[in-house]
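What follows is a short report on a single structure.
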2 protein chains.
Amino acid sequence: MSCVVSRPARIQDVAAAAGVSPATVSNVLNRPERVSAQTAERVRSVVAALDYVAHPGAVGLRNGRASTIGIVLPDLTNTFYSRIARGAADAAFEHGYSLVLCHSGDDPDREQAYFSMLAEQRAAGVVVVPLTADTGRLSRLRQRGIPLVLADRTMSTDDGCSVAVDDVSGGRTAAQHLFDGGARDVLVVNGGRAIRQCVDRYQGARQAARTRRGTRLRQVVVQAMTVEAGVEAGRALARGTDRPDAVFCTNDLLAVGLCRGLLEEGVAVPGDLHVVGFGDLDVASIATVPLTTVRQPVEELGRAGVDLLVDEVEAREEHEHEARIFMPQLVVRASAAAPAVAASTS
Amino acid sequence: MSCVVSRPARIQDVAAAAGVSPATVSNVLNRPERVSAQTAERVRSVVAALDYVAHPGAVGLRNGRASTIGIVLPDLTNTFYSRIARGAADAAFEHGYSLVLCHSGDDPDREQAYFSMLAEQRAAGVVVVPLTADTGRLSRLRQRGIPLVLADRTMSTDDGCSVAVDDVSGGRTAAQHLFDGGARDVLVVNGGRAIRQCVDRYQGARQAARTRRGTRLRQVVVQAMTVEAGVEAGRALARGTDRPDAVFCTNDLLAVGLCRGLLEEGVAVPGDLHVVGFGDLDVASIATVPLTTVRQPVEELGRAGVDLLVDEVEAREEHEHEARIFMPQLVVRASAAAPAVAASTS
DNA sequence: GGCCCTTGTTAAATCGTTCCAATCTCCCTA
DNA sequence: TAGGGAGATTGGAACGATTTAACAAGGGCC
């Protein structure tokens with residue numbers, strides 16, 4: 001077998017072929033203004049002919065910084081995180097960085113090991129969805145001179161950029177839709193107080209309720225945010241008295257379960273009761289009763305994280321830290337009807 | 001603000017502190033047998049004290065190969081691929097490689113661009129789920145001296161390693177379960193002939209049918225492998241005459257839809273009809289009728305891909321290309337009952 | 001004509017490792 | 001005691017780029 005391995009061209013090869021020094025080639029590529037027009041032209045044609053591309057490793061070594069961005073995620077299996085990864089991958093590709101995937105699997109030690117690894121390879125920066133709110137480990141990275149962007153968490157803009165979804169707004173949107181559909185008495189089926197997202201979403205719903213006179217907002221907290229918990233809540237609701245007009249479940253699994261529990265007990269969705277979920281998981285669109293829910297621009301989170309990072313790395317002085325907040329959007333499906341043509345708006 | 005950026009230790013710092021040359025430090029770390037026990041001891045303690053770790057970029061430059069593995073995937077949004085990524089990330093972490101995430105988004109040009117990028121940075125190797133069967137672009141990578149492992153596709157072991165799931169076995173397992181449950185007349189609801197997986201799964205089902213006397217296996221091909229198509233198939237089935245005892249849907253979306261279509265028309269699952277799906281998507285476990293289905297060890301695919309790659313890179317001569325095939329497993333849930341205690345087996 | 005300034009180009013140092021070949025030590029043997 | 005050899009250590013040249021400082025060459029000015 002003829003197995004000719006063609007060595008990629010080095011800067012010296014280009015220099016020799018163009019009859020200039022390596023320094024000039026580097027100048028043509030990086031600071032064209034320092035080089036005469038005809039030299040530049042000649043060099044460029046050789047670059048094209050030899051298909052020359054600078055070796056990123058060598059550049060990284062010399063510049064003290066690799067053209068690499070790390071993304072540290074708790075769990076790739078969760079579509080929320082894999083969608084962040086997807087957005088980050090797109091943005092990194094567009095900016096010409098390579099993205100190092102770090103999946104910590106909910107293990108703080110492994111997360112820490114990834115931080116060290118990224119520091120060792122002098123990554124240009126890191127986008128991280130941290131496992132815990134403990135900022136100590138994060139700031140150590142920053143001390144090593146590696147810029148950091150927080151995703152799905154916020155932080156003071158003194159310390160760096162962050163990107164997140166506005167859960168309060170999401171909760172408000174969901175509740176508003178129910179009220180606009182004619183509901184007066186809305187129940188929020190919510191996860192525990194310890195989960196920031198749950199607290200925010202409920203707070204948003206309360207805001208919506210406050211602006212409508214004569215409405216009522218109740219809350220019930222479930223043990224787990226799973227389909228099973230939703231089924232149980234649905235059954236309880238169907239059997240109980242004082243049933244609300246509509247339910248806002250703070251995630252889609254709960255909502256799917258709730259619908260199922262209600263249907264089992266003969267309560268029709270959306271006939272007897274409107275239901276809104278949160279998250280727009282795949283299951284929302286394919287559920288028996290397609291779910292009206294709130295979609296988060298998750299890919300945008302990853303994308304913006306990388307954008308901000310690249311800005312920080314490349315603009316250096318001019319860069320200003322920023323906390324970018326994304327607004328979720330309502331996706332209307334069958335489980336909660338479109339707003340009746342309300343008298344108030346037209 | 002006191003912003004002391006502590007420079008990481010270099011090999012020279014270690015050498016100086018231990019009173020030896022950089023070469024000796026390198027030897028201690030890479031070829032301990034060449035160095036006396038006491039020197040090694042001294043150097044090692046300094047390494048620990050200074051927290052020294054070799055700069056991967058410099059190592060890569062010197063060795064002509066970075067400690068980086070690329071993973072090229074069509075679409076991170078698809079859990080099949082993100083689970084591959086997860087397995088690959090775990091394995092890469094264990095082997096001490098960093099994993100560069102390349103999401104081609106079903107765009108061949110972008111896939112090609114990633115190949116070039118990985119070649120430029122002298123990646124140690126690439127795990128790829130290729131968009132097309134066109135091996136030209138792949139072999140070009142190999143010509144650049146970069147080992148390649150194919151995932152979810154097979155190739156001649158002359159050209160490299162590959163990892164895949166045995167869809168024939170999966171189809172057989174699914175059908176066997178139905179026959180073991182007492183079915184004599186099984187319908188396969190399948191995707192198009194153009195999809196390799198569909199063909200294989202059906203073939204497996206046929207094998208299972210052949211080994212049982214007095215059984216019948218039919219097939220119906222649907223336009224798309226979606227819930228909607230499944231619903232339609234379910235309704236048609238319920239209304240039609242000559243209804244089978246059991247149905248094997250070659251993916252879970254079809255199966256979920258089928259169950260729904262059947263139930264709408266008053267056919268009970270598993271009461272009147274057993275249903276088996278394929279894939280074990282999230283939706284399988286949370287569907288109204290929890291789905292008996294076939295689980296593929298997808299994470300193992302990514303994990304094994306990286307393992308094989310690392311073996312090829314590190315064992316060099318001794319490495320033998322390998323086509324590793326993984327066996328899917330049946331997950332029994334409600335939609336198809338556990339086998340009756342058959343007279344034949346006991 | 002000598003001096004200085006500008007413009008374009010380049011030699012050489014540097015980044016942090018690895019590895020080959022050379023050197024140095026020490027001990028054993030003749 | 002000189003010579004030889006084994007074992008441990010080290011100097012220095014890569015690897016492939018960037019960048020600083022220096023150097024020619026040409027032009028304007030006194």
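By convention in this document, chain letters (A, B, ...) are assigned in the order of the sequence lines, proteins followed by strands, and residues within each chain are numbered from 1.
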Between B:Arg122 and B:Val20, which residue's closest nucleotide on DNA chain D lies nearer the 5′ terminus? B:Val20
Heavy-atom donor-acceptor pair, A:Arg110 side chain to A:His103 backbone, under 3.5 Å: yes
Output yes when at least one side-chain N/O atom of A:Arg65 is less than 4.0 Å from OP1 or OP2 of C:dC15, else no. no
From C-beta outward on A:Ala23, which listed nucleotide comes closest to its side chain: D:dA17, C:dA11, D:dT10? C:dA11
Whether B:Ser21 contacts D:dT9 is assessed here as follows: a side-chain N or O lying under 4.0 Å from the phosphate OP1 or OP2. Is that the case? no
Of all the choices, C:dG8, D:dT20, C:dT17, which nucleotide is nearest to the side chain of A:Ser36 once you look at every atom? C:dG8
Need the bend value for the helix from C:dG1-D:dC30 to C:dA30-D:dT1: angle between end axes, 5 pairs each end, nearest 10°. 80°
Using atom CG of B:Leu61 as one end and atom P of C:dC15 as the other, report the distance to the nearest whole Å. 14 Å
I'd like to know if A:Arg62 reaches the base of D:dT18 with its side chain such that a donor and an acceptor end up less than 3.5 angstrom apart. yes
Would a distance-only check, ignoring hydrogens and angles, find a side-chain to backbone donor-acceptor pair under 3.5 Å from A:Arg122 to A:Glu120? yes
For B:Val28, which contact category applies under a 4.0 Å heavy-atom criterion: base, sugar-phosphate, or nothing? nothing
Tell me: CG of A:Asn30 to C1' of D:dA17, nearest whole Å? 9 Å
Looking at A:Thr24, does any N or O in its side chain come under 4.0 Å of the phosphate oxygens OP1/OP2 on C:dT9? no
Within less than 4.0 Å of OP1 or OP2 of C:dT9, is there a side-chain N or O belonging to A:Thr39? yes
Go through D:dA8, D:dA17, C:dC19 for me and flag the one nearest to the B:Arg31 side chain. C:dC19
Would you mind reporting whether A:Arg42 and A:Val28 have side-chain heavy atoms less than 4.5 Å apart? no
Would you mind reporting whether A:Leu150 and A:Cys161 have side-chain heavy atoms less than 4.5 Å apart? no
note: A:Ile11, atom CD1; D:dG16, atom P; distance rounded to Å ~ 12 Å
Is there a side-chain contact between A:Asp152 and A:Val165 in this structure, where contact means two heavy atoms from C-beta onward sitting under 4.5 Å apart? no
Taking the side chain as every heavy atom from C-beta outward, state whether B:Ile71 and B:Val126 have any pair of such atoms under 4.5 Å apart. no
Measuring to OP1 and OP2 of D:dA17, would you say a side-chain N or O of A:Tyr52 lies under 4.0 angstrom away? yes
Between B:Glu33 and B:Ala58, which residue's closest nucleotide on DNA chain D lies nearer the 5′ terminus? B:Glu33
Select base, sugar-phosphate, or nothing to describe what B:Asn27 touches, counting heavy atoms under 4.0 Å on all strands. base
On the nucleotide C:dT18, are OP1 or OP2 found under 4.0 Å from the side-chain N or O atoms that B:Ser26 carries? yes
Think A:Arg10 has a side-chain N or O under 4.0 angstrom from the OP1 or OP2 of D:dG16? yes
Rounding to an integer number of Å, can you tell me how far B:Asn63 CG sits from C:dG16 P? 17 Å
